[in-house]
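Let me begin by presenting the structure, written as structure tokens, before commenting on it.
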Amino acid sequence: MWLADLFLPARGDRFLTLLDRHVGILTRVAHAFRLYATDGTQSLSDSIESIQKEADGCLTELTSALRDAFITPIDRQDIYSLGEAIDDMIDYFNSAAREISIFKVTSTDHIRAIAETLEEAANAIAAAVRSIKSNPQVAWEKAGEARHAENVVEHRYRVALAELFDSGDVPRIFKLREVYRHLSNGADRADTIGRLIGKIVIKAT
């Protein structure tokens, strides 16, 4: 079975280590964003941008490893798609933080609630990736939690937009709509990541 080859130190560990580092960055940026949404400290926004650049480097390293590898332990496209989706989710956190800062908008209850849900999703993603080797069942369950976050955020997103449009404050509507959109897209990526991990687990059984 190809799964036995997945975890040979010279093969599988290289990619699992890179993915482990990538999801570690994801949890850090998710936590920083939740704190930023709570108290608005500018240094947290700057930290998020710095972490996002670190993630870009991690994705580049993963891509290089894929290019150099003759044989990959997991389907080559699945590895790349997973890394890309993780990086996209990190990018959306950064975009939301950047626009809160640039637009000088005050965080809302909706932003704070979405940030909390997305942090939980990021933690579930990290647990799923780190369980692929040791416990595929846990990986499957945690991937499901990440996917569920998209439904929670989508509901909150629609409620937030409805309240925003009712406010009549046009400049604020345009500014906050962009922030909400980035967070909604981040939840979409959490769903994508959950599906990709599920696909990897299914292929391994």
How far apart are the closest heavy atoms of [X] and [Y], and which atoms are they?
X      : Y      : answer
Met89  : Gly186 : CG-O, 3.7 Å
Leu164 : Arg177 : CD2-N, 3.8 Å
Lys142 : Ala124 : CB-O, 3.3 Å
Ala149 : Ala121 : CB-CB, 3.6 Å
Asn123 : Thr27  : OD1-CG2, 3.6 Å

**Asked** Is it the case that more than 12 heavy atoms not belonging to Phe165 sit under 6.0 Å from its CZ atom?
**Response** yes
Side-chain heavy-atom pair [X], [Y] within 4.5 angstrom cut-off:
X      : Y      : answer
Phe93  : Gln52  : no
Ser167 : Ile173 : yes
Ile90  : Ile25  : yes
Asn185 : Arg181 : yes

**Prompt:** Is there a path from Leu183 to Leu35 through hydrophobic residues (I, L, V, M, F, W, Y) whose side chains come within less than 4.5 Å of each other?
**Reply:** yes
**Transitive ILVMFWY side-chain link Val23 to Phe15, under 4.5 Å** = yes
**Qualifying residues under salt bridge (Lys or Arg N to Asp or Glu O under 4.0 Å), relative to Arg98, sequence neighbours excluded** = Asp46, Glu49
Spacing of [atom1] belonging to [X] relative to [atom2] belonging to [Y], to within rounding of 0.5 Å:
X      : Y      : atom1 : atom2 : result
Ile197 : Ile86  : CD1   : CD1   : 6.5 Å
Glu150 : Ile193 : CD    : CD1   : 12.5 Å
Ile79  : Arg76  : CD1   : CZ    : 7.5 Å

Between [X] and [Y], does any side-chain N to carboxylate O distance fall below 4.0 Å?
X      : Y      : answer
Glu119 : Arg34  : yes
Lys203 : Asp78  : yes
Arg28  : Glu54  : yes
Arg112 : Asp109 : yes

**Request:** Take Tyr180 and Thr108 through the test side-chain hydrogen bond (donor to acceptor under 3.5 Å, both in side chains) and record every step on the way to the result.
**Result:** CA-CA 10 Å; Tyr180 289 141; Thr108 67; 2.9 Å; yes
